[in-house]
Amino acid sequence: MIAWFGQNGRDLPWRHEGVSAWAILVSEVMLQQTPVVRVVPRWEEWMRRWPEPADLADAPTAEVLRCWDRLGYPRRALRLQECARALVREHGGRVPHGEEALRALPGVGEYTAAAVTAFAHRRRAVVVDTNIRRVLARAVRGRALPDRSYSAAERSLATRTLPAEEARSVAWNQAVMELGALVCTARSPDCAQCPLAAAGCAWVAAGRPAAEEDTRRRQAFEGTDRQLRGQIMALLRRDGEAGEAALLTLDATDAPRVHRCVQSLLADGLAVRGREGEGLRLP
DNA sequence: AAGACGGGGGG
DNA sequence: CCCCCAGTCTT
C-alpha cells in the first residue's frame with residue numbers, strides 16, 4: 001500500500017513539503033463533504049490571503065464567506081474563523097498537538113482531529129474517513145459498502161489495521177485514503193489496478209457481491225430549506241445585501257418558507273439584518 | 001441513532 | 001437524474 005501510494009499518490013498542494021499545520025487544518029475542514037478538485041483553488045486563495053490563524057481571526061466575516069464561495073455548508077467557514085480565533089486566544093496562534101485539544105476547536109470532530117495529528121504533526125492516529133471505511137469494508141469485511149453509521153467495531157478495525165510504527169502509520173493512513181479516492185471508489189472500483197486485490201481482498205475473494213438493497217430514503221434537495229438557504233447565501237455573496245423583495249423572488253410562492261430560512265441563517269450567524277431592519281446582509 | 005446542513009460533476 | 005464527496009453538530 002505504501003509503495004503504491006509513492007507511485008500513484010496525487011500531488012495535492014497541502015501535501016507539499018513545508019506546508020504548515022494550520023494550512024493542513026484548513027484543507028481538512030474544506031474537504032469535509034467537498035471533493036478534492038473543488039477545494040484546491042479555494043484553498044490556494046484562502047492560504048494566500050490568510051496564511052496564519054491570526055490573519056483569518058482578524059478578517060471581516062463577510063470576506064471569509066465570500067472567499068468560501070460555493071464549497072458548501074458555509075457554517076464550516078464560520079467555524080473555521082472561530083477556530084482561528086480560538087487558536088489565537090488559547091494556543092498562541094498555533095495548532096495544538098493532541099486529538100483532545102484539537103477536538104475542542106470549532107468545526108473539528110473525530111476525523112479532522114485524527115487527520116491533523118497524522119498529516120500535520122506526523123503522529124500515529126486512527127484516521128477514518130469515507131474512503132478508509134470503504135476500503136476496510138471491502139478488503140477486510142468482504143462487503144461492497146460500509147454500514148450506514150460509523151460504529152465502534154469499525155473504529156476498532158481501523159485501529160487494529162493501523163501499523164504500530166509512527167512513520168508507517170502516517171503513510172498507511174494516506175495510502176488507504178488515496179486508494180479509496182482513486183481505485184477503490186464507491187461507484188466503480190478498478191480492482192485490476194488495486195494493490196490489495198492480489199494480496200487477498202475479501203470482497204474480491206467473495207466474487208464482489210453487490211451491496212444490500214439500501215432501503216433508506218435518500219435526502220431530498222429540491223425544494224428544501226437547505227437549497228433555499230444556499231440561494232440566499234449566493235445572493236448575499238454577490239450583492240452583499242438583499243432587500244425583502246429580492247429575497248421573496250427566490251420563492252415567490254412561499255413567503256413563510258423564505259422567512260423561515262432567513263431566520264435560520266440569522267440564528268446561525270451566516271447573515272445579519274440589513275441597515276433599515278429589513279432585508280439581509282453578510283455579517 | 002437520525003437529521004440538518006450545499007453544491008456540483010460523473011455515471 | 002441520482003449518487004457521492006478527506007464530516008460536524010444537534011436532537
Side-chain angles (χ1 to χ4, degrees), chain A residues 5 9-10 12-15 23-43 65 68-80 82-83 102-120 125-136 144-152 154-155 158 170 172-182 184-190 211 214-237 260-261 263-265 267-270:
Chain A
F5 179 76
R10 290 167 292 183
L12 301 175
W14 45 83
R15 287 178 178 166
I24 290 173
L25 171 53
V26 171
S27 79
E28 293 299 345
V29 172
M30 288 183 169
L31 287 162
Q32 292 167 2
Q33 298 284 278
T34 303
V36 167
V37 286
R38 270 205 286 156
V39 165
V40 171
R42 296 293 84 217
W43 181 84
L65 289 170
W68 188 262
D69 198 33
R70 291 167 300 184
L71 287 183
Y73 298 140
R75 26 193 208 194
R76 286 185 291 150
L78 230 43
R79 293 204 187 105
L80 192 48
E82 289 164 12
C83 175
L102 287 164
R103 283 207 60 164
L105 297 168
V108 177
E110 178 175 343
Y111 163 77
T112 303
V116 168
T117 299
F119 306 139
V126 181
V127 178
V128 185
D129 76 324
T130 188
N131 292 305
I132 292 182
R133 291 189 66 205
R134 188 173 52 252
V135 172
L136 293 181
L145 293 172
D147 298 328
R148 168 154 167 68
S149 53
Y150 178 54
S151 63
E154 237 179 312
R155 183 184 296 105
V170 172
W172 170 262
N173 282 325
Q174 197 86 104
V176 178
M177 200 178 294
E178 193 77 340
L179 187 77
L182 299 182
C184 194
T185 59
R187 215 75 80 81
S188 52
D190 187 5
D214 190 354
T215 54
R216 69 192 137 121
R217 233 202 324 241
R218 59 184 189 76
Q219 267 190 330
F221 182 61
E222 191 69 25
T224 58
D225 285 3
R226 200 150 103 253
Q227 181 189 36
L228 182 53
R229 281 167 54 107
Q231 292 172 332
I232 294 172
M233 289 304 293
L235 198 59
L236 297 184
R237 280 196 305 269
R260 184 173 71 237
C261 287
Q263 286 306 313
S264 74
L265 290 173
D268 288 347
L270 286 166

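In the text below, chain A, chain B and the rest are named by the order of the sequence lines, each starting its count at 1.
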> Given that both pair distances must be under 3.5 Å and the pair must be Watson-Crick or G-U, what runs of three or more consecutive pairs involve DNA chain C?
Replying inline: B:1-5 with C:7-11, B:8-11 with C:1-4

>> What is the distance, to the nearest angstrom, from the OH atom on A:Tyr73 to the P atom on B:dG7?
In response: 10 Å

> Using a cut-off of less than 4.0 Å, is there contact between a side-chain N or O of A:Gln32 and OP1 or OP2 of C:dT8?
Replying inline: yes

Which atoms of nucleotides 9-11 of chain B (N or O only) lie under 3.5 Å from a protein N or O atom, and what are those distances?
from	atom 1	to	atom 2	distance (Å)
B:dG10	N2	A:Arg187	NH2	3.4

>> Go nucleotide by nucleotide along DNA chain B from the 5' end; which of A:Met233 and A:Tyr150 gets its closest nucleotide reached first?
In response: A:Tyr150

>> Using the side-chain heavy atoms of A:Ala186, tell me which of these nucleotides is nearest: C:dA6, C:dG7, C:dC5.
In response: C:dC5

At a cut-off of 3.5 Å, list every protein nitrogen or oxygen paired with a nitrogen or oxygen from nucleotides 9-11 of chain C, distance to 0.1 Å.
from	atom 1	to	atom 2	distance (Å)
C:dC9	OP1	A:Gly107	N	2.8

>> Closest approach to the side chain of A:Pro35, judged atom by atom: which nucleotide of C:dC5, B:dG6, C:dA6 is it?
In response: C:dC5

> When you compare B:dG8 with C:dT8, how far apart are their P atoms, in angstrom units rounded to a whole number?
Replying inline: 23 Å

> Closest nucleotide of DNA chain B for A:Pro74 versus for A:Ser149: which of these residues is on the 5' side?
Replying inline: A:Ser149

> Which nucleotide in the set C:dG7, C:dA6, C:dC4 lies at the smallest distance from any side-chain heavy atom of A:Arg15?
Replying inline: C:dA6

>> From C-beta outward on A:Arg229, which listed nucleotide comes closest to its side chain: B:dG6, C:dA6, C:dT8?
In response: B:dG6

>> I'd like to know if the side chain of A:Glu178 and the backbone of A:Arg10 have a donor-acceptor N/O pair within less than 3.5 Å.
In response: yes

>> If the condition is ring pair (Phe, Tyr, Trp, His ring centres under 6.0 Å), which residues does A:Trp172 pass it with, not counting sequence neighbours?
In response: none

> Taking atom P in both B:dG11 and C:dA6, what distance in whole Å separates the two?
Replying inline: 14 Å

>> According to side chain to side chain contact (heavy atoms under 4.5 Å, CB included), who are the partners of A:Glu110, at least two apart in sequence or on a separate chain?
In response: A:Arg103, A:Tyr150, A:Arg155

>> Quick check for you: among B:dG7, C:dG7, C:dA6, whose closest atom lies nearest to any side-chain atom of A:Met177?
In response: C:dA6

>> So for A:Thr130 and C:dG7, does any side-chain atom that can act as donor or acceptor lie under 3.5 Å from a complementary atom in the base?
In response: no

>> Taking side chain to side chain contact (heavy atoms under 4.5 Å, CB included) as the definition, give me every residue that meets it alongside A:Arg76, ordered by chain and number, with sequence neighbours left out.
In response: A:Val29, A:Gln32, A:Thr34, A:Trp68, A:Leu71, A:Tyr73

